[in-house]
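Right, one structure below, let's go through it.
Every chain is numbered from 1 and lettered A, B, ... according to where its sequence line falls, protein lines coming before strand lines. In what follows, every heavy atom counts, from backbone to side chain, and hydrogens, waters and symmetry copies are set aside.
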Number of protein chains: 2
Amino acid sequence: MPVKIADIAKLAGISSASVSRILNKTGRYSEETAARVKKIAKDIGYYKDRSAADLAQKNNKTIGVIYTNSKTNFNNIVINGVMAEADEHGLDIILMATKRNDPKKLLKTVRNMIERRVNALLLISLQPTSEVINMLKQVKINTKLVGTSTDKDIYFVSSNDFLMGYQATKSLIRAGYKKIGMAGSDIMQDYVARLRYKGYLKALGEAKIKFQTDWLSPGNFSYDSGIESAAYFHEKKNVSAIIGVSDEVSLGLLNGLHDLGDTVPADFSIVSIDGTEICTRSRPQLTSITQNFALMGKIAVTEFQNNKQNVLVPFKLVQRSTTKKL
Amino acid sequence: MPVKIADIAKLAGISSASVSRILNKTGRYSEETAARVKKIAKDIGYYKDRSAADLAQKNNKTIGVIYTNSKTNFNNIVINGVMAEADEHGLDIILMATKRNDPKKLLKTVRNMIERRVNALLLISLQPTSEVINMLKQVKINTKLVGTSTDKDIYFVSSNDFLMGYQATKSLIRAGYKKIGMAGSDIMQDYVARLRYKGYLKALGEAKIKFQTDWLSPGNFSYDSGIESAAYFHEKKNVSAIIGVSDEVSLGLLNGLHDLGDTVPADFSIVSIDGTEICTRSRPQLTSITQNFALMGKIAVTEFQNNKQNVLVPFKLVQRSTTKKL
DNA sequence: CTGAAAGCGCTTACAG
DNA sequence: CTGAAAGCGCTTACAG
C-alpha cells in the first residue's frame, strides 16, 4: 500500500488540499509549511498516483508515441527528437512498440493509447489502416504520422518524397549517369514509393532519358530487398547507378554486390535515401539523400496542438564514396 | 468530453455496475443485455478511462520498460522479447527512453514509472545509481536489469560476462592466436568490462600466455571506441587478434583498420561480443560471441513476480569471417 | 442476474 | 493562507 497525500496531511497536521497545493506548487501556501510537507513526503517515500491525478485533472500532459520495433533504423533518431522537445515543454512521453505490418497489434496499441487518454499521438514510420484513423478521429485525438507521408486522411511530418526521388536522380544524371535503377520498394503497393518514383521519372524525363521498366527492382524497404536487388542488377547489368530507397536497402545492395564480386562505385554506383549512420559505417560509405529525422520528431511535438497541416522537412544530398562526385 | 460508462448505462436503461461487468466480462450478466451494451458502446465510441479503472482496481497489469535511446543496438531485440512475452500474459508495456549516462533523466523517468504504479520495472542495458535502486526498493517495485549484470543490490538477467570473456579468449588461443587484445571498455570503471577481462585473463593464464598491459585498449562500448582502438593497434602492432567488447566496437575496429590499410583477418582478427545483425552486415562478417537478447527479454517478464534471483542466459560462439576457424 | 453505494487518491472551486 | 467537500470515471463487495 503506497503512501498517499492523506498520510502526509495527517503527519503534518494540515489538510490534503494544502498538501496537494504544495506538492504541485499551485495556489497559495506558506513556505514554512511547504518545507515541512516536502520533508515528510520525502521521508515517507511519497509518489503521486498519476491515475488519481490524471482522473481529477482530466488532462495528463502526455503524448503517446507508437513505433515499429523492426529494423527501421531511423526510429531512434525521431524518438530522440521527440523526447528532447517534449522535455522542453514539460510533456511526458509514453512509447509503445508494435510490429510492422500487423494491423491487429497496431489497433490494440492505439486503443491502449486512447484508454490512457494521451493528449496527442505520434505514429513513427507507420501506415495506419482507415479503421485506426477513424477511431482516432472519433475520439478526437490529434494524431500525426512522422517520418512518412500518406494520402490518407491524417496529417504527417516527413520529407518531400517526390523531391527526394527527383533530386537523387537529377544529381546522378548531372554527374553523367544515364542508366539509373531504383531498388527496394513497390510502387504499386506503397504510396511513398510511388511519390519517389514519380520524382525519379520527372528527372529522367527532363534529361530526355527514356525510362526502362527493368530499371526497377521491387522490395519492402528492407535489407533483404537490397540483397535481392543486388542479385537482380548483377545479373541484368542494365544500370550504372542505383537509388536505394532506404539505408537498409542500400546496405543490402552494397553487401550483395560485394558478395557477387562487383565493385562499388566502379561497377555500380549507389545513392541511398535516409542518411542515417548506416551510411557512414559501411565501406565504402554511402552517398545519401539525408533526411532530418530529429527535426521531424521535434516538429511533431511542437505542433502537437495545432494539427492543421502537413509539414515537409528539408533534406540534403550528402556526398560520400559510393558514387562519383555528384 | 469522452463518453463514459454512465452514458452507456443511461442509453441501455441499466446501471453502470452492469455495464462495467459486461465490458470487463466479469461477474454474471445476461447475454441479451450484454449484446445490447456492447453495441451501444461501439456506436457511441466508448473507450475505458484507464486512469479511473486503474485507480479503482489498484492494479494495472502493466510493466514499465526503460531503455537508453542511444546506439546500443540490441535494445530492440530485448524489447521484442519483452513484448512477445507480455502479450502472452496479457500484460501491457509502457516504454520510456532515457539518455545513456544521464542519471538525472533516468531518475526522472523512474519516478514517472513509479507514479504510474507499474507492476514491475525492467531496465534495459542500464546501470542505475544507488539512489534509483533505493527509491525502487522503498516503493517495493520489482525491478530487473536486462542485458547487463551488476554488483549492485538489484537483480539482473544477462549473459555470464566472465564466461564470455573466457570463451572468446580460449577459442582464439585454441585456433593458434597468442597475442590477443581486448578493445572498447574500461576495466576500471565498468563492472561488466571487469568480469569479461577476468575471464580473458583466466584463459590466458591457463594457456601460459603472459598478459601484456598494452593489449588493452579502453573505451565505452561505442563505435568510436572501436575506431580509436583500431588506430591504437594499427600503431602498436602488438596483437594478432582483438576481442571487441560490443558489436559497435567491433564494427569500429573493422572500419578503422580498413581505413588504415589493414586487412581483417590477415593482419588482425576480430571476435565481437553481442552477435546482433551488425555482425552479418559487415564485410567481412564478424565472428562473434552471440548473446540471446530475445530470451533475456522473455525471461525478464516471465519472472516478473518472483524477483528472487539473477538469471544467466546461455550464449554461443558463431564463426564468421573475421577470424581463422575457431 | 442487477442495482445502489462506497471507495480508489487525487484536484479544485469555494468559502472563510 | 487553509480546509471541507465535491467530483473525476471506474470497480466491486453487498444486498436483493
Side-chain angles (χ1 to χ4, degrees), chain A residues 1-38 40-41 44-62 92 111-119 139, chain B residues 1-38 40-41 44-62 92 111-119 139:
Chain A
M1 209 81 285
V3 319
K4 48 195 171 188
I5 278 195
D7 299 328
I8 301 178
K10 195 176 300 173
L11 255 24
I14 59 175
S15 72
S16 292
S18 292
V19 174
S20 173
R21 275 183 221 110
I22 289 167
L23 262 19
N24 293 311
K25 304 192 209 305
T26 147
R28 308 204 59 72
Y29 49 84
S30 80
E31 281 309 326
E32 292 104 299
T33 50
R36 199 152 44 91
V37 162
K38 283 180 194 159
I40 295 175
I44 65 178
Y46 171 78
Y47 296 91
K48 169 193 298 210
D49 183 325
R50 295 246 343 198
S51 289
D54 290 349
L55 181 59
Q57 289 183 124
K58 309 175 73 52
N59 173 16
N60 55 21
K61 295 222 165 214
T62 110
D92 279 342
R111 186 187 307 275
N112 196 328
M113 287 292 192
I114 295 176
E115 292 183 355
R116 291 175 192 276
R117 298 292 187 267
V118 293
N119 290 166
V139 298
Chain B
M1 208 84 282
V3 319
K4 49 195 172 189
I5 278 195
D7 299 327
I8 301 178
K10 195 176 299 174
L11 255 24
I14 59 175
S15 71
S16 292
S18 291
V19 174
S20 173
R21 275 183 221 110
I22 289 167
L23 262 21
N24 292 310
K25 303 191 209 307
T26 146
R28 309 203 58 71
Y29 50 84
S30 80
E31 280 310 326
E32 293 104 298
T33 50
R36 199 151 45 90
V37 162
K38 282 180 194 158
I40 295 175
I44 65 178
Y46 171 78
Y47 296 92
K48 170 194 300 211
D49 183 326
R50 294 243 349 192
S51 290
D54 290 350
L55 181 59
Q57 288 183 124
K58 310 174 73 47
N59 173 16
N60 55 20
K61 294 223 164 213
T62 109
D92 279 341
R111 186 187 308 274
N112 196 328
M113 287 292 193
I114 295 177
E115 292 184 354
R116 291 175 192 276
R117 299 291 187 267
V118 294
N119 289 165
V139 297

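In this structure, B:Asn24 and B:Lys48 have side chains that are in contact, with non-hydrogen atoms separated by less than 4.5 Å.
Nearest heavy atom pair, residue A:Ser20 against residue A:Thr26, reads O-CG2, 4.4 Å. The minimum heavy-atom distance between B:Ile8 and B:Tyr46, with the atom names listed, is CD1-CG, 3.6 Å. Scanning all heavy atoms of the two residues, the minimum distance from B:Val37 to B:Ala12 falls at CG2-CB, 4.2 Å. The shortest heavy-atom contact between A:Ile44 and A:Val3 is O-CG1, 3.6 Å. For A:Tyr47 against B:Arg111, the heavy-atom pair with the smallest separation is CE2-NH1, 3.6 Å.
With values rounded to the nearest 0.5 angstrom, B:Arg36 atom CZ is found 6.5 Å from B:Ile14 atom CD1.
Summary of the strand contacts: A:Arg28 and B:Ala52 both lie near DNA chain D, and taking for each the nucleotide with the nearest heavy atom, the more 5' one is attributed to A:Arg28. Both A:Ile5 and B:Gly13 sit near DNA chain C, but only B:Gly13 has its closest nucleotide nearer the 5' end. A residue-by-residue look at B:Thr33 and B:Leu55 shows that B:Thr33 has its nearest nucleotide of DNA chain C further toward the 5' end.
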Watson-Crick and G-U pairing of DNA chain D written in dot-bracket, each distance under 3.5 angstrom, with | for inter-strand partners: |||.||||||||.|||
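First and last contacts of DNA chain C with chain A, using any nucleotide atom under 4.0 Å from a protein heavy atom and ordered 5' to 3', fall at C:dG9 to C:dA13.
Remark: the backbone N or O of A:Arg117 is paired with a side-chain donor or acceptor of A:Asn60 at under 3.5 angstrom.
On the C1' atoms, C:dG16 is 16 Å away from C:dT12, given to the nearest whole Å.
Across all strands, B:Arg50 comes closer than 4.0 Å to no nucleic acid atom at all (heavy-atom distances). Heavy atoms of B:Ser51 sit nowhere under 4.0 angstrom from any nucleic acid atom. Base contact: B:Ala17 has a heavy atom under 4.0 Å from a base atom. Among the atoms of the strands shown, none is found under 4.0 Å from any heavy atom of B:Asp54.
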Take A:Asp92 and B:Glu115, measure what side chain to side chain contact (heavy atoms under 4.5 Å, CB included) needs, and give me the verdict at the end. CA-CA 12 Å; A:Asp92 279 342; B:Glu115 292 184 354; 5.9 Å; no
